[in-house]
Asks: 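The structure is given below, and queries will be raised subsequently.
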Amino acid sequence: MHAAAALAATLGRVVRHPGGAFGAGLVLLILLTAILAPGIAPHDPNRLDVVSAFAPPSGGHWLGTDQLGRDLLSRHIFGTRIAMAVALSVIAIALAAGMLLGVLSAYTSGPVERAILVAFDSISSFPSVILAMAAVAVLGSSMPMLIVVIATSLIPHYGRVARAQVLSARNEPYVEAEQVLGASGVRILLAHIVPNIIAPLIVIASLDIPVVIAIEASLSFLGLGLRPPLTSWGGLLQDGYQNLARSALPVMVSSGVLAVATLAFTMFGEALRHAIDPRSGRRA
Amino acid sequence: MQSYPAYVINRILTAVLSVFGAMLVIVILISLVPGDPATVLLGPLATPEYAQHFIAEMGLDQPVHVRLWRLAAGFAQGRLGTDVISGQSVNTIVAAALPHTFALAFAAMALACLVGIPAGVWSAVRKGSAGDTAIAMVSVVFVSVPSFILGIVLLVVFSIWLDWLPVLGLSPSASLRDAAIRMILPTVALALGWIGLIARLVRTSMLETLGQNYIRTARAYGLREGLVHYRYALKNAVIPTLAIIGMGFGRLLGGAVLIEIIFARQGLGSILYDALQARNFSVLQGTVFVVVVIFIAVNLLTELSYALFDPRIKFSRR
């Protein structure tokens, strides 16, 4: 009950933050679109209708059609599924692995600690788009591979924050009190440290969702991402870009969808950060 | 607490270690390729002669530690390898592209500072006004939407719909005016996100600085508001911004790569893209390495200068 009340209070603060209600509403809409895609898409996203290629928006096709006459609205609705599947899996993996490695590095010393920190430094010496580009080009771009590659490039981000949080939480009086009372290291970690470091990590996670969407879209745009029949927003963007000379509409639809999605998650993430840590606003 | 020189040495050593780590990542990536790397990496290009040449050139017949050592020895001497397809030195290819990418990155950063800093000061001074709110809303859009999307939208609007600016590429006539005109859209596309970010950061730290005693004193002396804002407050407010700009340079490079591809400009981006399309890993590995070294060097310079500007920073280990 306590956790549910805290969650409700946090959500309340998110919605009251400027732009928070807007961001949260759009995020909810995007998630519902992803879940309900087959139910709400007006057309089969892959049905060809070459005669009506590049049709402008109309009652039958609200956002018009692409070079093969496929319904752009339906294609983007199904693209939402892929964007969300990739973004949420990447964040879950990066968060879990980063937290594990970060906590481990804070609790160990010597070679293990050093190896983890060097690994963090090495991975984050690559701009993440470049690392993902190189890795996907070498390792292939199936959906699991794409997820693992993007997640790996984000792990140090979470790892460093988790480590810093553990290092500062360990010296808190309440942890020392537990130690004096004879609690085991594992108990202290699970019952006291992890709950206290999870909030900043969740904030980073929510702000990383638009980053993941952008990385996946840029890889697909470059032809390095998912292959058809899996068509992500980035793949749709690439499709449209290649037919730019014939119609600018598909490109603008995909750009618009990507812009709205990244904006929504950023505004939601910023409101969440503010709701969890009101002091953070000063540090933008 | 360390002294500044000790801190500098410590950071330089960490940077060198990161460069080695990055080389290790490159070597590991290539050795992770399942099966026979020559066949997998080259795909349809893998004729037996070419595959053999490729394996020998990339040292793929050697164990990982030997390859790492060869790569490190080559890179340390400034040799980025040879393009196995054209036979050109990768140094030549990268050196030809680097000025274009730097020109784009610096033009974008300059534009971002020129617009972002005054916008931040302006909205901090008018906190809560309609103008402040408007700048905040525009900033959040610029910050969240990826630069390559902004680039595509600018391209469609200004080159295709309005037909004001040439669509793509570098100047064919190589005249300075033409080159400058073709720089406009890529520069703006890359700068917009930074304009938003810088405006927000400057606003936040200006608000903090404007509340301090020395500003009240300056005002009490009857100094003009403009002088107080730009001469006294901004000087301190801009320090945290400086750090973020440096830390964000990698994002800028990543963005520049995509922008170059969208606007069909020469530069590191187009080299990477062409190398990826042709599965030319000899060029890819050298170019990625250059990007990483630039990235690490900029981060190092940022950290060092930040510590110099703001002596309150503790020279502690991360």
Side-chain angles (χ1 to χ4, degrees), chain A residues 18-19 23 117-140 160 163-164 207 210-211 213-215 217-218 221-224 237 240-241 244-245 248-249 251-252 254-256 258-267 269-270 281-284, chain B residues 14-15 17-22 24-26 29-30 32-34 41 133 136-137 140-141 143-146 148-150 152-153 155-156 160-161 200-201 203-205 207-208 240 250-255 257-258 261-262 272-273 275-277 279 281 284-285 288 291-293 295-296 299 318:
Chain A
L117 293 183
V118 168
F120 285 172
D121 276 346
S122 311
I123 293 173
S124 46
S125 22
F126 291 81
S128 33
V129 176
I130 308 270
L131 178 62
M133 264 168 82
V136 168
V138 171
L139 302 172
R160 290 219 184 89
R163 173 182 156 83
L207 285 169
V211 174
I213 293 176
I215 294 178
S218 47
F221 176 71
L222 296 177
L224 296 167
L237 188 69
Y241 188 75
L244 198 52
L249 180 72
V251 161
M252 291 306 264
S254 306
S255 302
L258 276 159
V260 169
T262 44
L263 182 64
F265 277 102
T266 306
M267 292 179 87
E270 283 180 356
R282 301 194 303 135
R283 292 244 156 259
Chain B
T14 314
L17 205 61
S18 309
V19 171
F20 272 101
L24 186 62
V25 171
I26 295 175
L29 260 183
I30 300 209
L32 277 180
V33 175
L41 291 180
T133 314
M137 279 164 64
V140 76
V141 173
V143 169
S144 25
V145 179
F148 78 102
I149 302 286
L150 294 171
I152 292 175
V153 172
L155 180 81
V156 170
I160 298 182
W161 287 350
R200 290 170 66 163
L201 289 167
R203 178 184 182 277
T204 312
S205 47
L207 285 176
E208 256 173 62
R251 233 185 76 196
L252 185 71
L253 271 184
V257 162
L258 287 161
I261 295 167
I262 288 166
L272 280 175
Y273 184 64
L276 285 170
Q277 298 297 319
R279 309 189 71 72
F281 287 87
L284 189 66
Q285 118 188 335
V288 167
V291 172
V292 169
V293 169
F295 187 40
I296 293 176
N299 280 350
R318 263 177 302 168

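As the structure is a computational prediction, the values presented were derived from the model and not from experiment. Protein chains get the first letters and strands the later ones, always in sequence-line order, with residue 1 at the start of each.
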Asks: Would you mind checking which part of A/I130 comes under 4.5 Å of any heavy atom in chain B, side chain (CB onward), backbone (N, CA, C, O), both or neither?
Replies: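 Just the side chain, heavy atoms under 4.5 Å.
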Asks: Measuring heavy-atom distances to chain B, does A/M133 have an atom under 4.5 Å in its side chain, in its backbone, in both, or in neither?
Replies: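 For A/M133, backbone and side chain are both near chain B.
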Asks: Under the criterion side-chain contact (heavy atoms from CB on, under 4.5 Å), I'd like the reasoning laid out for A/D121 against B/L17: C-alpha separation, chi angles, the key distance, then a yes or no.
Replies: CA-CA 8 Å; A/D121 276 346; B/L17 205 61; over 6 Å; no
Asks: Given side chains that start at C-beta, do those of A/L131 and B/V25 come closer than 4.5 Å, heavy atoms only?
Replies: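 Yes, their side chains come closer than 4.5 Å.
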Asks: Need one label for B/V156: side chain, backbone, both or neither, based on atoms under 4.5 Å from any heavy atom in chain A.
Replies: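 B/V156 touches chain A through side-chain heavy atoms alone.
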Asks: At a heavy-atom separation under 4.5 Å, does A/A217 approach chain B through its side chain, its backbone, both, or neither?
Replies: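 Both backbone and side chain.
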Asks: What part of B/V257 is in contact with chain A, defined as an atom under 4.5 angstrom from a non-hydrogen atom: side chain, backbone, both or neither?
Replies: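 For B/V257, the side chain is the part near chain A, not the backbone.
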Asks: What part of A/I213 is in contact with chain B, defined as an atom under 4.5 angstrom from a non-hydrogen atom: side chain, backbone, both or neither?
Replies: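 When you check distances to chain B, no heavy atom of A/I213 falls under 4.5 Å.
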Asks: For A/L263 and B/V141, which heavy atoms make the closest approach, and how far apart are they?
Replies: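 Looking at all heavy atoms of both residues, the shortest contact is CD1-CA, 3.8 Å.
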Asks: For A/F221, is it the side chain, the backbone, both, or neither that has a heavy atom closer than 4.5 Å to a heavy atom of chain B?
Replies: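 Looking at A/F221, just its side chain touches chain B.
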Asks: side-chain contact (heavy atoms from CB on, under 4.5 Å), that's the test. Do B/F20 and A/V118 meet it? Break it down for me.
Replies: CA-CA 10 Å; B/F20 272 101; A/V118 168; over 6 Å; no
Asks: For A/L224 and B/L276, work out which heavy atoms get closest and say how close.
Replies: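 Smallest interatomic distance, heavy atoms only, reads CD1-CD1, 3.5 Å.
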Asks: Heavy-atom distance under 4.5 Å to chain B: side chain of A/S124, backbone, both or neither?
Replies: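 For A/S124, the backbone is the part near chain B, not the side chain.
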Asks: Minimum heavy-atom separation for B/A22 to A/F126, with atom names?
Replies: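 Taking B/A22 first and A/F126 second, the nearest heavy atoms are O-CZ, 3.6 Å.
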Asks: If you count heavy-atom pairs under 4.5 Å between each of A/L207, A/I123, A/L222, A/V211 and chain B, which one has the most?
Replies: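 Heavy-atom pairs under 4.5 Å are most numerous for A/L222.
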Asks: Would you call A/L258 and B/P146 a side-chain contact if the rule is heavy atoms closer than 4.5 Å?
Replies: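 Not in contact.
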Asks: Select one option (side chain, backbone, both, neither) describing which atoms of A/L237 are under 4.5 Å from chain B's heavy atoms.
Replies: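 Side chain only.
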Asks: So do the side chains of B/S18 and A/S125 get within less than 4.5 Å of each other, counting heavy atoms only?
Replies: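 Counting from C-beta outward, B/S18 and A/S125 do come under 4.5 Å.
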Asks: Which residues pass the ring pair (Phe, Tyr, Trp, His ring centres under 6.0 Å) test with B/F295, sequence neighbours left out?
Replies: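 Partners of B/F295 by the ring pair (Phe, Tyr, Trp, His ring centres under 6.0 Å) criterion come out as none, since no residue qualifies.
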Asks: Begin from the C-alpha positions of A/V251 and B/L155 and carry the test side-chain contact (heavy atoms from CB on, under 4.5 Å) through to its verdict.
Replies: CA-CA 11 Å; A/V251 161; B/L155 180 81; over 6 Å; no
Asks: Among residues at least two apart in sequence or on other chains, which ones pass side chain to side chain donor-acceptor pair (under 3.5 Å) with A/S255?
Replies: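 Side chain to side chain donor-acceptor pair (under 3.5 Å) list for A/S255, sorted by chain: empty.
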